[in-house]
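So the structure is just underneath, and the comments pick up after that.
Order of the sequence lines sets the chain letters (A, B, ...), proteins ahead of strands, with each chain counted from 1.
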Number of protein chains: 4
Amino acid sequence: MLSQDKRNLLIQRRREEILDAAKLVFARNGYRRTLTDTIIAELGVGKGTLYKYFRNKKTLFLAVFYRGMQQLREVIRVKIEPITDPRQKIINGVRTYFEFFDNDKELIEIIMQVRSEFKDEYRQNFLEMYNDYIGQIQQNLKNGIALGQFREVDIEKTADAISDILQGTLQSYYILKANEKLADKTQAVTALLLKGVLKISNEASAQSRELQI
Amino acid sequence: MLSQDKRNLLIQRRREEILDAAKLVFARNGYRRTLTDTIIAELGVGKGTLYKYFRNKKTLFLAVFYRGMQQLREVIRVKIEPITDPRQKIINGVRTYFEFFDNDKELIEIIMQVRSEFKDEYRQNFLEMYNDYIGQIQQNLKNGIALGQFREVDIEKTADAISDILQGTLQSYYILKANEKLADKTQAVTALLLKGVLKISNEASAQSRELQI
Amino acid sequence: MLSQDKRNLLIQRRREEILDAAKLVFARNGYRRTLTDTIIAELGVGKGTLYKYFRNKKTLFLAVFYRGMQQLREVIRVKIEPITDPRQKIINGVRTYFEFFDNDKELIEIIMQVRSEFKDEYRQNFLEMYNDYIGQIQQNLKNGIALGQFREVDIEKTADAISDILQGTLQSYYILKANEKLADKTQAVTALLLKGVLKISNEASAQSRELQI
Amino acid sequence: MLSQDKRNLLIQRRREEILDAAKLVFARNGYRRTLTDTIIAELGVGKGTLYKYFRNKKTLFLAVFYRGMQQLREVIRVKIEPITDPRQKIINGVRTYFEFFDNDKELIEIIMQVRSEFKDEYRQNFLEMYNDYIGQIQQNLKNGIALGQFREVDIEKTADAISDILQGTLQSYYILKANEKLADKTQAVTALLLKGVLKISNEASAQSRELQI
DNA sequence: AATGAATGAGTGTTCATTCAT
DNA sequence: AATGAATGAACACTCATTCAT
């Protein structure tokens, strides 16, 4: 009889193995086209084992997603939260976000699948991330404005827009399966976020009053 | 007996009716959860009729999608292509894009579904739109730079980033089902695209060289 | 296009065919051991057809049961209800009940299966039959007593006991698969119900007061 | 190290504990719906232990049943066999039978389950009980007739009918889950068995010849 | 041309039983 | 002797598509 500790360790390890195999197969085939048979074949375990660890296919799939989101949160917490300079925070935030997904491309597929297959679950998770993520962007904008670095933008809407450009970049990367790395887009995205396309902001700002927005 | 023309007209009308009903049901339930039975119930025709007009469920779904994309292209062609001033083109482009989807929210759902269910078909369509859409953004950036309005940005990557922010905005709108209109985001998105968040671009630009990007 | 009437007729006929095949297979193998595949093989139709007519296996099984109970009720209504003489009603009632099941032995199996697999559904049906069945036995006892034919028995409990002897006979017949007919038991059962085993009731009755009951 | 005797005693005790837990769970949920997991949870032992004592679920279930039948036989042997007066034997037999099941209601559920799930095993057991049970009823009828207490009934069929009324009473009690005790039915059942419903047997007997049986 | 009854391939999930520790 | 993690055979049910009328 194994000690309880050893047993728990093995169970935990097995759980992770299942999540790894499932992530691989779900990312390759999509949620619907993935057969539980394919996952267990990948794993080399019996079907009962799968169902011992996860109640059903949906639960397994969402567990893969939640684990990924947890890992993203952790990276944000470690690499981005400590940064205090608002400009630097945007720059590093964008790069870190992109690098995270460069290192875990399967997770992009998983996220896209969750969005369309389990919109409710995705929405809830998305809202939960507001604190760690959009909330932080908002705070960063506030800090930048207070320090005189940033223009007095509409904080909420601008934070949304910044979040959206990241999501959108991920999305188009997912669709086009570009061979380049996401992180290669850091420069262009960051420059756009920080400086926009206009040559001289102030002047542009003056002129834009004449423009019909 | 109807004349051939009249018959064709009727057939065309019936085809549109089917697409309308299918769009409604697909948007409401998603592609997978939509039953052909639900579509014909919405239509009030027999199942054979559906299959007379569309080879299968997938074809019908993609036809709904293609029709929507065609309509978007048409709007872009009429409302955006004629604009020559680069700044104005960005501003109006964003607004027009958002207003188009405010007027056809079901299409947002359809697009999101196509993306995850039929990635290949979506990719192909996406690439086809490059000429009308990303290609136009690139041309606009070139024009703006030539006219001295825009900074000398990396045209391809910046165009991608602009496209991504629109896609991302659509995406987050889709997820959060915000009650506000998409068009309400025009100001914030446009300001970000044009001016970025930095207070004084040139100065910021100078400083950013010190920043680690 | 078939007329609506003709269509309904065909649907009704098909429904009955399915019930017949299902009764055969359920009676032969029992509810649990019956595969839907076996039923459709017996029928020679596709599986979808089965599920078009009956929502699931349980519904189909209970439909077989309910149809049988309906037929029993009908036989009781036609052959037993009209009888007015209390003694004759008991005699004919027992015989009719036994003959009904001699003519539909599969139904005995179905009833036994329902009892143990779907006790709740059986109980409800049993209670519903009280009006047509136990209620009638009670009324018959009352009439017999009023006419001076019957002793002044406890009507409710005696009616239950009469019902129980019929159920029990069915039950033991089911278990022992006797080759003889149920109806052959009519004489013995009826004699017991009417006269008991004692030689002279009155005397016995007197004596039985001394007995410890 | 335990002595062989002590070990055997422990094994025997453990076996009884398993049977007790299994009876409880089988009676509560029925054979099919009972999971071996539920039984071991009730017991607080591992699954391997269960299978050490009983080859499989069916064997365990039938062991519960056989133990109950054995106990019934023992009660009959002790309480009924010694009775010599035929009338008293019927009266006490019915009461003893009912009281036995009042004291072990779970066994009623077990018996009903065995009947429909393992008809063959039940039939065999039923036949084995003929000697102790139906055989005894037949002998009692013979004795009653010889003593002049009982009418000259068809011994086999009447014995069957008497057995059937007991089975049927058990059955309807099982279905209706009456709150009253089975033993409360003794009077009505016994009266029916002994005296029937007719007021004056002899006269009735005469008249019944005119009746169509 | 329109209908809708019939089809049947495809798949997630359960749970009794085994056996390595 | 006892454990409980692992097993995998078994099976009900769905729904896009067809085709006879």
Counterpart residues, side chain to side chain contact (heavy atoms under 4.5 Å, CB included), relative to D:L9 (two or more places apart):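 Listed in chain order: D:R13.
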
Mind listing the side-chain donor-acceptor pairs of residues 110-117 of chain A below 3.5 Å, one per line with the distance, residues two or more places apart or on another chain?
{"residue": "A:Q113", "atom": "OE1", "partner": "A:Y31", "partner atom": "N", "Å": "3.1"}
{"residue": "A:R115", "atom": "NE", "partner": "A:Y122", "partner atom": "OH", "Å": "3.1"}
{"residue": "A:R115", "atom": "NH1", "partner": "A:Q171", "partner atom": "OE1", "Å": "3.3"}
{"residue": "A:R115", "atom": "NH1", "partner": "B:Q171", "partner atom": "OE1", "Å": "3.1"}
{"residue": "A:R115", "atom": "NH2", "partner": "A:Y122", "partner atom": "OH", "Å": "3.0"}
{"residue": "A:R115", "atom": "NH2", "partner": "A:Q167", "partner atom": "OE1", "Å": "2.4"}
{"residue": "A:S116", "atom": "OG", "partner": "B:S116", "partner atom": "OG", "Å": "2.3"}
{"residue": "A:E117", "atom": "OE1", "partner": "A:R32", "partner atom": "NE", "Å": "2.8"}
{"residue": "A:E117", "atom": "OE1", "partner": "A:R32", "partner atom": "NH2", "Å": "3.0"}
{"residue": "A:E117", "atom": "OE2", "partner": "A:R32", "partner atom": "NE", "Å": "3.4"}

Looking at E:dA6, I'd like to know if its phosphate oxygens (OP1 or OP2) sit under 4.0 Å from a side-chain N or O belonging to C:R14.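 So the side-chain polar atoms of C:R14 do come within 4.0 Å of the phosphate oxygens OP1 or OP2 of E:dA6, strictly under.
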
Gap between atoms [atom1] and [atom2], on [X] and [N] respectively (whole Å):
X     : N      : atom1 : atom2 : result
C:I40 : E:dA5  : CD1   : P     : 19 Å
C:N8  : E:dG4  : CG    : C1'   : 13 Å
C:L60 : F:dC13 : CG    : P     : 10 Å
D:I39 : F:dT3  : CD1   : P     : 15 Å
D:F61 : E:dA16 : CZ    : P     : 13 Å
C:L43 : E:dA5  : CG    : P     : 17 Å
D:K52 : F:dA2  : NZ    : P     : 7 Å
C:L50 : E:dG8  : CG    : P     : 14 Å

Base, sugar-phosphate, or nothing for A:F54, non-hydrogen atoms under 4.0 angstrom?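 Answer is nothing: A:F54 stays at 4.0 Å or more from every strand.
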
Could you work out which one of F:dA1, E:dT7, E:dA2 sits closest to the side chain of C:V45?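 When the side chain of C:V45 is considered, E:dT7 is the closest of F:dA1, E:dT7, E:dA2.
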
Which letter, B, S or -, goes with each nucleotide of nucleotides 10-15 of chain E from 5' to 3', with contact meaning a protein heavy atom under 4.0 Å? -SBBBB

Wobble G-U and Watson-Crick pairs count when both distances are under 3.5 Å; given that, what is the 5' to 3' dot-bracket string of DNA chain E, with | for pairing to other strands? .||||||||||||||||||||

Using salt bridge (charged side-chain N to carboxylate O under 4.0 Å, His left out) as the criterion, list what pairs up with D:R33, not counting sequence neighbours.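 If we apply the salt bridge (charged side-chain N to carboxylate O under 4.0 Å, His left out) test to D:R33, skipping adjacent residues, there are no hits.
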
Among pairs that include at least one residue of residues 35-55 of chain B, which meet salt bridge (charged side-chain N to carboxylate O under 4.0 Å, His left out), considering only residues two or more places apart or in two chains?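 For residues 35-55 of chain B: B:R28-B:E42, B:D37-B:K47.
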
Contacts of type side-chain hydrogen bond (donor to acceptor under 3.5 Å, both in side chains), residue C:D104, not counting sequence neighbours: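 C:D104 satisfies side-chain hydrogen bond (donor to acceptor under 3.5 Å, both in side chains) with C:K23 only.
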
Holding to side-chain hydrogen bond (donor to acceptor under 3.5 Å, both in side chains), I want the full list of residues that pass it with B:R123, two or more places apart in sequence or in another chain.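 Result, side-chain hydrogen bond (donor to acceptor under 3.5 Å, both in side chains) vs B:R123: B:D120.
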
Side-chain heavy-atom pair B:T49, B:R14 within 4.5 angstrom cut-off: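 Yes, at least one pair of side-chain atoms sits under 4.5 Å.
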
Just to verify, what does D:Y174 make a ring-ring contact (aromatic ring centres under 6.0 Å, His included) with, not counting sequence neighbours?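 D:Y174: no ring-ring contact (aromatic ring centres under 6.0 Å, His included) contacts found.
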
Hey, can you tell me if D:F26 and D:F61 have their rings parallel, tilted or perpendicular (30° and 60° cut-offs)?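 Perpendicular.
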
